[in-house]
Number of protein chains: 2
Amino acid sequence: MAMRLTEQAYLVLLALADQPRHGYGVVQEVRELSGGSVRLGAGTLYGVLDRLVAAGYAEASGEVVVDGRLRRYYRLTPDGHDALTAETARLRDLARRADRLLGGVARPAPGIA
Amino acid sequence: MAMRLTEQAYLVLLALADQPRHGYGVVQEVRELSGGSVRLGAGTLYGVLDRLVAAGYAEASGEVVVDGRLRRYYRLTPDGHDALTAETARLRDLARRADRLLGGVARPAPGIA
DNA sequence: CCCGATAGGTCGGCGCACGATATATATCGT
DNA sequence: ACGATATATATCGTGCGCCGACCTATCGGG
């Protein structure tokens with residue numbers, strides 16, 4: 001498996017991290033998580049979701065009817081959680097490197113190389 | 001302008017952050033910056049580079065012949081530096097949120113909300 | 001009664017990523 | 001001497017993901 005995680009896919013995984021959510025809920029959570037900058041369209045959402053399910057990172061978690069409207073829930077699989085953790089670590093490292101490159105005035109670095 | 005930065009485009013910008021580099025040098029720096037996980041192919045590189053130049057984020061910086069081989073250098077523009085800074089901040093925030101979601105067992109958080 | 005929000009989903013276009021390919025020189029191993 | 005690998009540029013075709021447009025349906029408010 002080991003699919004390549006795009007940022008959208010990553011955000012969807014992240015939205016499912018704390019609790020199962022239905023499609024529309026994922027869209028809202030991603031919007032919040034990204035500080036409002038990433039607004040998932042329907043096409044993006046279901047495409048990403050299908051790929052995540054195919055990769056074994058997410059799975060359907062049941063359907064509930066609330067106020068006459070169907071809610072189809074998705075949850076993270078253990079593999080999905082692993083992928084999310086790994087990708088988060090990668091992101092954290094990258095952000096740290098970038099901060100060092102931008103903030104640091106390129107000091108000679110005698111000890112670390 | 002304000003083009004949408006893909007991860008590849010972001011990494012190229014980041015590779016140009018500390019000093020101008022030629023195409024092949026960018027490929028190598030991106031590989032290092034990403035911990036070896038992102039290997040830019042030729043097609044990706046020049047596509048990204050063209051888009052960055054078109055967006056005003058990078059520009060050609062001169063050509064040098066070393067060992068009979070031409071090196072075409074690119075450098076960051078002020079706009080490119082701004083975009084890089086902004087995108088880095090966005091990434092840092094995202095990584096922080098993700099860490100909180102994954103590591104934190106959802107503590108009530110009395111002070112911060 | 002219509003509109004916006006909530007909730008599900010499909011479809012087609014567009015743009016980006018990426019490998020394949022081409023060209024050319026220098027180096028290193030055999 | 002030769003082929004492989006690394007350096008260095010660039011183009012092209014394809015595949016796939018992103019995203020808006022669109023469709024159906026329910027509920028609440030104006």
Side-chain angles (χ1 to χ4, degrees), chain A residues 1-16 20-32 34 36-55 57-58 60-75 83 87, chain B residues 1-16 20-34 36-55 57-58 60-74 83 87:
Chain A
M1 293 298 158
M3 76 176 282
R4 176 111 181 106
L5 280 186
T6 64
E7 192 189 343
Q8 283 78 6
Y10 172 72
L11 285 168
V12 169
L13 281 186
L14 195 58
L16 296 176
R21 291 179 197 275
H22 60 284
Y24 199 80
V26 169
V27 171
Q28 291 170 130
E29 179 68 9
V30 165
R31 185 151 73 176
E32 268 188 46
S34 68
S37 63
V38 178
R39 255 161 283 215
L40 253 48
T44 307
L45 176 73
Y46 293 106
V48 168
L49 230 34
D50 286 349
R51 263 169 268 135
L52 289 177
V53 169
Y57 288 171
S61 160
E63 303 177 1
V64 184
V65 175
V66 177
D67 290 327
R69 290 188 217 94
L70 180 66
R71 287 185 179 175
R72 186 162 281 131
Y73 281 84
Y74 292 88
R75 82 163 88 93
E87 185 68 7
Chain B
M1 290 299 147
M3 76 178 280
R4 176 110 181 110
L5 281 185
T6 63
E7 192 187 343
Q8 284 78 7
Y10 173 72
L11 285 168
V12 169
L13 280 187
L14 195 58
L16 296 175
R21 291 178 197 274
H22 61 283
Y24 199 79
V26 169
V27 171
Q28 291 170 130
E29 178 69 9
V30 165
R31 184 151 72 177
E32 269 187 44
L33 281 173
S34 68
S37 62
V38 177
R39 256 162 286 216
L40 253 47
T44 307
L45 175 72
Y46 293 105
V48 168
L49 229 34
D50 285 350
R51 262 169 268 137
L52 289 178
V53 169
Y57 288 172
S61 160
E63 303 177 359
V64 184
V65 174
V66 177
D67 289 328
R69 290 188 219 96
L70 180 67
R71 286 184 179 175
R72 187 162 279 130
Y73 281 84
Y74 292 87
E87 184 68 8

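Just so it is clear: chains get the letters A, B, ... in the order the sequence lines come, proteins before strands, and each one is counted from 1. Fair warning: this is a prediction, and the values are worked out from it, not measured in the lab.
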Chemist: Counting just side-chain N and O atoms, does A/R72 come under 4.0 Å of either OP1 or OP2 of C/dG8?
Modeler: no
Chemist: According to side-chain hydrogen bond (donor to acceptor under 3.5 Å, both in side chains), does anything in residues 46-55 of chain B pair up with another residue at least two apart or in another chain? List the pairs.
Modeler: none
Chemist: Identify the nucleotide, in any strand shown, that forms a Watson-Crick or G-U wobble pair with C/dG4, with both distances under 3.5 Å; if there is none, say none.
Modeler: D/dC27
Chemist: Tabulate protein N/O versus nucleotide N/O from nucleotides 26-29 of chain D, keeping only pairs under 3.5 Å, one per line.
Modeler:
{"from": "D/dT26", "atom 1": "O2", "to": "A/R69", "atom 2": "NE", "distance (Å)": "2.8"}
{"from": "D/dC27", "atom 1": "O4'", "to": "A/R69", "atom 2": "NH2", "distance (Å)": "3.2"}

Chemist: Could you encode protein contacts along nucleotides 18-23 of chain C as a string, one character per nucleotide from 5' to 3', using B for base contact, S for sugar-phosphate-only contact and - for no contact, with a heavy-atom cut-off of under 4.0 Å?
Modeler: BBB---
Chemist: Do the side chains of B/V26 and B/Y74 get nearer than 4.5 Å, heavy atoms only?
Modeler: no
Chemist: Using a heavy-atom cut-off of under 4.0 Å over every strand shown, decide if B/V66 touches base, sugar-phosphate, or nothing.
Modeler: nothing
Chemist: Considering residues at least two apart in sequence or located in another chain, which fulfil the ring-ring contact (aromatic ring centres under 6.0 Å, His included) criterion with A/Y10?
Modeler: none
Chemist: Going by the rule side chain to side chain contact (heavy atoms under 4.5 Å, CB included), which residues pair with B/Y24 if we only count those two or more places apart in sequence or in a different chain?
Modeler: B/H22, B/Q28
Chemist: Tell me every residue that passes side chain to side chain contact (heavy atoms under 4.5 Å, CB included) with B/V66, counting only those two or more places apart in sequence or in another chain.
Modeler: B/V64, B/R71
Chemist: Which residue lies toward the 5' end of DNA chain D, A/G47 or B/D50, if each is placed at its nearest nucleotide?
Modeler: B/D50
Chemist: Quick one: list whatever passes salt bridge (Lys or Arg N to Asp or Glu O under 4.0 Å) with A/R21, sequence neighbours left out.
Modeler: A/D18, A/E29
Chemist: Near DNA chain D, counting only heavy atoms under 4.0 Å, which residues of residues 21-30 of chain A show up?
Modeler: none
Chemist: Suppose we screen for side chain to side chain donor-acceptor pair (under 3.5 Å). Which residues come up paired with A/Q8, at least two apart in sequence or across chains?
Modeler: none
Chemist: So which protein N/O to nucleotides 13-16 of chain D N/O distances come out below 3.5 Å?
Modeler:
none

Chemist: Tell me, please, which residues at least two apart from A/R75 pass side chain to side chain donor-acceptor pair (under 3.5 Å).
Modeler: A/E59
Chemist: Run the side chain to side chain contact (heavy atoms under 4.5 Å, CB included) test against B/V38 and tell me which residues pass, sequence neighbours left out.
Modeler: A/R4, A/R90, B/E7, B/L11, B/V30, B/S34, B/L40
Chemist: What's the OH-C1' distance between A/Y46 and D/dG20, to the nearest Å?
Modeler: 15 Å
